[in-house]
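Below is one structure, written out as structure tokens; comments come after it.
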Protein chains: 2
Amino acid sequence: MTKQRKVVYDVLRSKRDHPTAQMIFERTQKELPTVSLATIYNCLEALVSHDVVKQVNVDREPSRYCPNLAEHGHFHNKQTGDVIDINFKPDVNLAEFLDLPEGAVIEDLELNIKGFLK
Amino acid sequence: MTKQRKVVYDVLRSKRDHPTAQMIFERTQKELPTVSLATIYNCLEALVSHDVVKQVNVDREPSRYCPNLAEHGHFHNKQTGDVIDINFKPDVNLAEFLDLPEGAVIEDLELNIKGFLK
DNA sequence: GTAGTTTTTTAGAATAATTCTAATTCCAAT
DNA sequence: ATTGGAATTAGAATTATTCTAAAAAACTAC
Ligand SMILES: [Mn+2]
Ligand SMILES: [Mn+2]
Ligand SMILES: [Zn+2]
Ligand SMILES: [Zn+2]
């Protein structure tokens, strides 16, 4: 954990709105005015590869980042652009409901929902 | 339906391996040697926006395209790079198992699984 | 502490999938 | 055949991300 990585991680935990690298860059600059965007990408890569942050992709938009390590999905509100966490109901294992091929080993399961709030 | 759109659509249906735009370009060239990559993108955009083809994104890799309109997920085999369709077991409505916010309207549900075959 | 080594950060260039622009081609209707 | 709109095309532009190389920082013996 370097100073920069710590601030990036704190930025992610302090507002769990799934910011993009650019948004994280702007928030990190308030704390570390000389930080560079390359460093933000480097820090995020370090955090993601050490499984302390998840990278969330919705379509081909810029990646977003999430510090919630519990298994969960994402709801993308098309009206507001917000992305919020969606938990699975207790004791639900989604894989049970899928017709997976023989011998399939799941390493990662990603659920993205798009819609809006009535 | 123009000639190009028809060939792109046929390419997609004839081998349902979720090809990228580049792969579709190469396959289409066998039928239409003068077709351009821009046209492939234009055709795919037309097919996707008319809901006859689905765009499938796995991480930040190039988009893949799928002519299967039934609700289904995707299994991305990390060992081979293949992407295959995953059907939900009969009469399963995944949304039932999710803790959605009050008033959430689902317009699209996307399930991507990464793993391998033992 | 200093010298040497490794890691991280930084600025800026490079990359690559996709989109855009503007010119040309196609095609259906008159 | 002419025309008008839509589609296709080649190539330039865009943009999120990655790469490169140099400077800074962090570590590790001595
Ligand atoms: Mn995704
Ligand atoms: Mn996706
Ligand atoms: Zn999340
Ligand atoms: Zn599919």
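First the proteins, then the strands, lettered A, B, ... as listed; each starts at 1.
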Check whether any side-chain nitrogen or oxygen of [X] sits under 4.0 Å from OP1 or OP2 of [N], and answer yes or no.
X: A:Thr2; N: C:dT7; answer: no
X: B:Arg60; N: C:dA17; answer: no
X: A:Ser63; N: D:dT17; answer: yes

Kindly give the heavy-atom pair with the smallest separation between [X] and [Y], and that separation in Å.
X: A:Ser63; Y: A:Asn57; value: OG-OD1, 2.6 Å
X: B:Leu98; Y: A:Lys89; value: O-CE, 3.5 Å
X: B:Ile40; Y: B:Ala21; value: CG2-O, 3.7 Å
X: A:Asn87; Y: A:His72; value: ND2-CB, 3.9 Å
X: A:Arg64; Y: A:Gly81; value: NH2-O, 3.5 Å

> Can any side-chain N or O of A:Lys114 pair as donor or acceptor with the backbone N or O of A:Lys78 at less than 3.5 Å?
Replying inline: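 Between the backbone of A:Lys78 and the side chain of A:Lys114 there is no qualifying donor-acceptor contact (under 3.5 Å).
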> Do side-chain atoms of A:Asp59 reach the backbone of A:Glu61 as a donor and acceptor pair under 3.5 angstrom?
Replying inline: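 A pair under 3.5 Å: no.
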Going by the rule salt bridge (charged side-chain N to carboxylate O under 4.0 Å, His left out), which residues pair with [X] if we only count those two or more places apart in sequence or in a different chain?
X: B:Arg13; result: B:Asp10
X: A:Asp82; result: none
X: B:Asp85; result: none

> Which class fits the ring pair A:His18 and A:His74: parallel under 30°, tilted 30 to 60°, perpendicular over 60°?
Replying inline: perpendicular
>> Please give me every residue in residues 35-50 of chain B whose heavy atoms get under 4.0 Å of an atom in DNA chain D, ordered by residue number.
In response: B:Val35, B:Ser36, B:Ala38, B:Thr39, B:Asn42
> For DNA chain D, which residues in residues 4-28 of chain A have a heavy atom at a distance below 4.0 Å?
Replying inline: none
Can you measure [X] atom [atom1] to [N] atom [atom2] for me and round it to whole angstrom units?
X: B:Asn57; N: D:dA16; atom1: CG; atom2: C1'; result: 14 Å
X: B:Leu32; N: D:dT9; atom1: CG; atom2: C1'; result: 13 Å
X: A:Met1; N: C:dT7; atom1: CE; atom2: P; result: 18 Å
X: A:Glu61; N: C:dT18; atom1: CD; atom2: C1'; result: 14 Å

> What string of B, S and - do you get for nucleotides 25-30 of chain C 5' to 3' if you count protein non-hydrogen atoms under 4.0 Å?
Replying inline: ------
